Structures are given as C-alpha cells and as structure tokens.
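Presented below is the structure to which this report refers.
Count residues from 1 along the sequence. In what follows, every heavy atom counts, from backbone to side chain, and hydrogens, waters and symmetry copies are set aside. Every value quoted in this text rests on a predicted model; they were computed, and no experiment measured them.
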Amino acid sequence: MPHDALDAGPGKLAPEKARKITSRVTSLSVGVALTLVAAKTVAWALSGSVAMLATLADSALDLAASLTTFFAVRYAASPADAEHRYGHGKAEAFASLLQALLVALSAGLLMREAYHRFVEPHPIEAGGIALSVMGLSILLTVGLVWAQTRALKQTESLAVTGDRAHYAADLAANGVVIVGLVMVTMFGIERADPVAGFAVSVWLFWTAWEVGSKAFENLMDRELPDADRERILQIAGDDPRVLGVHQLRTRASGPFIHIQLHMDLDPHQSLRDAHKTVVAAERRLMAAYPAADILIHPDPKGFAEPHGNVYFSSEASGAKVDGDVK
C-alpha cells in the first residue's frame, strides 16, 4: 500500500493547507448566510408566511453557526502552546456541537409556531416575492454546498461538516417551503404553510442529531475508523527491523490526529539503533498523516514485562486488542 495520503480523512493533510481550505470555505459560508438572512427578512416582512419565518430563523442560526465555524477552524488549526500541548483541534467539535444545539432549539420554536398557525391560519401576502427569495436561497445554497463538499474531500473538517449539514438541510427545507407557498398562493390552501413549517422543523431536529452525534464522538476521543487503524499498523510495521506493533491508540482532534503505539524491537541492539528504527517509523506515518502527533514506545521483543495503567487499555473493558503485526 502506498504511504502517501491520497484519500481524505483526519490528519491526512498538512495543517497549513487544511487551514487555507477551511478558511476560504467558511468565509464563503458567512457571506451566503448574510445574504440569505437579509433577503428572507424582507420576504417574511412582506408575506407574513410562517414557513418563510421558519427558513429565516434557520438562516439566522446558520449565520451564527457559520461565524462560529469561521473562527473555530482558524483556532483549531493553530499550533500547540504551553497551555494546550495537544493543540486546539477540539475547538472544531465544540463549534459543531454548538451548531447542533442551536438548530435543535430553532426546530422546537418553529414547531410551536407552526402548530399555532395551523390552528389559526393567517393569509399570506406577497407570495411572489417570497417565492423569488426562496429561489435565490436555493441557488446560493447549492453553490455553497458544492464548495463545502469539495473542501471536505480534502480536509474532512468536523466544523465544516456541521456547517454543510445545515445548508444541505436548507436545500430540502427550502423546497418544502416553496411547495407550501405555491399551495397557498395558487390553490388557497392556507394550512399548507404551517404544515411546510412543521416539516422544516422535523428536518432540523434530524440534522441537529446527526451533527451533534459526530461532535460528541470527537469530544469523547473515539478511535479512528478501522481502515485507518489497519493502515497505521501496516505502515508502522513496514520495516524488517520492526518485530511487531501492538497497543495502538488513536483519536482525532479537529484537523489533527494523535497516534500512540508500542513497537517490538531486537532486545540486543543499541539504544541508538532502536531510536533510528522508531524515527523511521514516525517519518513513514507522517508521510501518510502530515497532521499527526505520534508517540512510539519501543519494547524489547520477548523481554517486555506488562507495564502502564491497565485502566487505559482496551483489555480493561474486554474489548479486542490489536494483534501483533509481522
């Protein structure tokens, strides 16, 4: 298997390049959100549509979330310092979790408003203007989601993933709003508007759950996917001097990943030779994961007694332990 990282994933892009990509796409996200909030505010003021209010509230929260993401990706990509020796990558997960909470709150409020409007329908004015604004919203959102998708193919930024989820949900939500407005303006079915608003709120709840779950997993230091773990084991053991690799532990932190493992080496070689083998393994791993923080513990093959706190070993929970490579 080639050691250069051709596929996307945590840690597989140099931090400087990842920051450049995410900074550009988050700036675009803020610009789109500002435009949509302004346009939808005018449309809602003229139409009084609860479905328009629903999508306006969603866009307002998207703006807040996009601003949070805008600053979070820059902070997360900054180098480690004396107070944060593991870097600042968790900022992306916190930003994504905040997005999920804001969207869930918005969904609850919009669901309540849709219920009241369904019980007591109100006429909608300026439906044509509202439809024009929704068309503009869909056009801008399609362009933004396309740009975010391209960025994620390279970075898999958790914060940008959450931001894209918002706007992908907007596409479906805006389609529902348009259906509601058409039903009201062309067929006079006033209750179609609050029904559309209710559908938007349900979609937002689902989006909040998906985004929040991914953020929670990152904050809880979930292991990298099995494919990445297998690749790390193979790369680390791709040296005749390496007699085995075990006790692999990994976690993602924004654009960075952290890798810890034990490596079996010839117990009769010098410390200097053992160090050279470990450094060579680190360089192989860095070629595949440029944004990785790597810690390798050398063990003398056949002479390494058990050590370390078993509480932090998968053996403590009865989980499967990585077998030796070689």
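The side-chain contact (heavy atoms from CB on, under 4.5 Å) test with Thr141 singles out one residue from Val145, Leu139, Leu144, and that residue is Val145.
Pairing each heavy atom of Leu224 with each of Ala252, the nearest pair is CD2-CB, 4.0 Å. Nearest heavy atoms, Ala72 versus Ala91: CB-O, 3.9 Å. Pairing each heavy atom of Met263 with each of Thr277, the nearest pair is SD-CG2, 4.4 Å. The shortest non-hydrogen separation linking Ala292 to Ile259 is CB-CD1, 4.1 Å.
Taking a cutoff of 4.0 Å between a charged side-chain nitrogen and a carboxylate oxygen, Arg229 and Glu223 qualify as a salt bridge. Ion pair Lys90/Asp221 flagged as a salt bridge, since at least one NZ, NE, NH1 or NH2 atom sits closer than 4.0 Å to an Asp/Glu carboxylate oxygen.
For the residue pair Thr22 / Arg74, no side-chain donor-acceptor distance below 3.5 Å is found, with atom types taken as modelled. When only modelled atom types and interatomic distance are considered, His297 and Asp299 share a side-chain donor-acceptor pair under 3.5 Å.
Within the 4.5 Å cutoff, the side chain of Asp264 has no heavy atoms near those of the Val245 side chain.
Cluster annotation: Leu248 is connected to Met286 through the hydrophobic network of ILVMFWY side chains, with a link wherever side-chain heavy atoms come within less than 4.5 Å. Hydrophobic clustering of Ile, Leu, Val, Met, Phe, Trp and Tyr side chains at less than 4.5 Å, counting indirect connections, keeps Phe94 apart from Phe70.
Atom NZ of Lys214 has 12 or fewer neighbouring heavy atoms from other residues, nucleotides or ligands inside a 6.0 Å radius.
Figure legend: cation-pi geometry between Arg251 and Tyr86, with NZ or CZ positioned under 6.0 Å from the six-membered ring centre and within 45° of its axis.
Classified by interplanar angle (parallel below 30°, tilted 30° to 60°, perpendicular above 60°), the ring pair His84/Tyr75 is perpendicular. Using a 30° and 60° split on the angle between ring planes, His262 and His246 fall in the tilted class, from 30° to 60°.
In this structure, the separation between NE2 on His268 and CG on Asp273 is 13.5 Å, given to the nearest 0.5 Å.
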